[in-house]
Amino acid sequence: MNRLKEIEARLAQIKGELTTRAAELTEAEIAALETEVTALQEERAALQAAAEKRKALLEKIANGEPVEGDGGETAPVNVLRNFKPTENSDGDKYGSLAYRKAFMQYVCRGAKIPAEYRADAVSKTTDVGAVIPTTVLNQIVEKLESTGMILALVTRTAYKGGVGIPVSTVKPVATWVNEGAGSEKQKKDIKKDGMITFAYHKLRCAVAVSLEVDTMAMSAFETLLINNIVEAMTKAIEQAIIDGDGTGKPKGILQETPADGQTIDSAAPAYADLINAEAALPQAYENGAVWCMSKKTFMQYYGLTDANGQPIGRVNYGIAGKPERTLLGRPVVCCDYVKSYAATLAAGTAFAFLFNFKDYVLNTNYAMGVKRYEDNDTDDTVTKGIMLADGKVVDKNSLVVIQKLKAA
């Protein structure tokens, strides 16, 4: 059986080479690998056939059936029928050599233990668990996490690193003039320090499994492994979009300083917070701006009522049955990347904000890719996800932040 394991290991190694180095292999190398695979498969089939023959012969011997070549007589080598309950020096028949041999035959080949070693018994419901083998479903249950709410909302680009987006703070002004008169020529001022430049930030997630685990793994395990890597990278990107510090990762929305008058201090979630935030949001930026907060914070706002006792929050369900949350008619995006409001929340910490996510640009120079390769030193199979990305707010005028009231 050790040879079978060696064959399976070599076949798996060849499969890995064909997967990871397909473009590098020459025709001669591919032909050599094909010849080796054929030889290994034939050897494996021969070993498996020999094992089946040995198993069938042992079953005949254990059941006392005639074996070819013994003249048609019943084989006298049925050790179980020749066992006698010889007691040992302690008078315990279960400690005798005969019983130990019978028990070995029972465990290894399923041969029935002789009646002299068995006591009368009745099977009960408590014994069923030991009789019926446990079936392992092709499914793995794990704790769920919410991801993918933010990534679909931001502006996605794929420019080469170092690209700059010019930002202008001065717009031309139109003036009324008399008949036949002209107006002053105006300058469109775009300064170099107003450029937003994207850099390279590398995001990587790698998981290694041993050769033995990779060979015996269920399909559910392999699928779950890849899904976990993609989910982990998505979560890291979304966390950076919301609150990344800009060092080795994208700069987050909450790391930007809102425009003057667009930071709302709140001692606790209140109706006035929403009114003040809506008032602070410039009218030119109303379209597309949405609320972003944790679900726990939203439910605190959802429980508030206006002066007439009407709830200010709404949770509707669309055609697909997906919850559609709103506050004062404006959509709410709930995510776990914004801190929830609590009495213990540090002063000055943001727990909700208004923003048009299209004003955030995520530049992915190398889009997320998943690769598999074999570590030649350990024979481990490594699955990795990698990408190059950077992100920044390109227009912060749609940003209104509600933060915990600072102590006076």
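Computed from a predicted structure; not experimentally measured.
For Ser398 (side chain) and Phe355 (main-chain N/O), no donor-acceptor pair under 3.5 Å exists by modelled atom type.
Looking at residues two or more places apart in sequence or on another chain, you find a side chain to side chain donor-acceptor pair (under 3.5 Å) between Ser340 and Ser294. With sequence neighbours excluded, no residue forms a side chain to side chain donor-acceptor pair (under 3.5 Å) with Thr364. Residues that satisfy the salt bridge (Lys or Arg N to Asp or Glu O under 4.0 Å) test with Arg330, not counting sequence neighbours, are Glu278. For Tyr301, the side chain to side chain donor-acceptor pair (under 3.5 Å) test picks out Asp273, with sequence neighbours left out. Take Ala280 and apply the side-chain contact (heavy atoms from CB on, under 4.5 Å) test, not counting sequence neighbours, and it matches Gln262, Ile264, Val400. A search for salt bridge (Lys or Arg N to Asp or Glu O under 4.0 Å) contacts involving Glu34 returns nothing, not counting sequence neighbours. Annotation: side chain to side chain donor-acceptor pair (under 3.5 Å) contacts of Gln41 (sequence neighbours excluded): none. Under the rule for a ring pair (Phe, Tyr, Trp, His ring centres under 6.0 Å), Tyr360 has no partner lying at least two apart in sequence or in another chain. For Tyr337, the ring pair (Phe, Tyr, Trp, His ring centres under 6.0 Å) criterion is met by no residue, not counting sequence neighbours.
Pairs passing the side-chain hydrogen bond (donor to acceptor under 3.5 Å, both in side chains) check and including a residue from residues 245-255, sequence neighbours excluded, read Asp243-Gln255. Among pairs with a residue in residues 41-51, those fulfilling salt bridge (charged side-chain N to carboxylate O under 4.0 Å, His left out) read Arg3-Glu43, Glu8-Arg44, at least two apart in sequence or across chains. Within the structure, the salt bridge (charged side-chain N to carboxylate O under 4.0 Å, His left out) test picks out the following pairs touching residues 392-402 (sequence neighbours left out): Asp390-Lys392.
Rounded to the nearest 0.5 angstrom, Phe357 CZ and Leu362 CG are separated by 12.5 Å. One finds the NZ atom of Lys384 at 5.5 Å from the OH atom of Tyr373 (value rounded to the nearest 0.5 Å). From Phe353, atom CZ reaches atom OG1 of Thr263 across 13.0 Å, with rounding to the nearest 0.5 Å. Distance check, rounded to the nearest 0.5 Å: CG of Leu405 to OG1 of Thr349 gives 12.0 Å. In this structure, CD1 on Ile14 lies 12.5 Å from CD1 on Ile30, to the nearest 0.5 angstrom. With values rounded to the nearest 0.5 angstrom, Asp359 atom CG is found 9.5 Å from Leu399 atom CG.
Counting non-hydrogen atoms of neighbouring residues, nucleotides and ligands closer than 6.0 angstrom, the NZ atom of Lys404 exceeds 12 such neighbours.
The minimum heavy-atom distance linking Cys205 with Met233 is given by the pair CB-CG, 4.0 Å.
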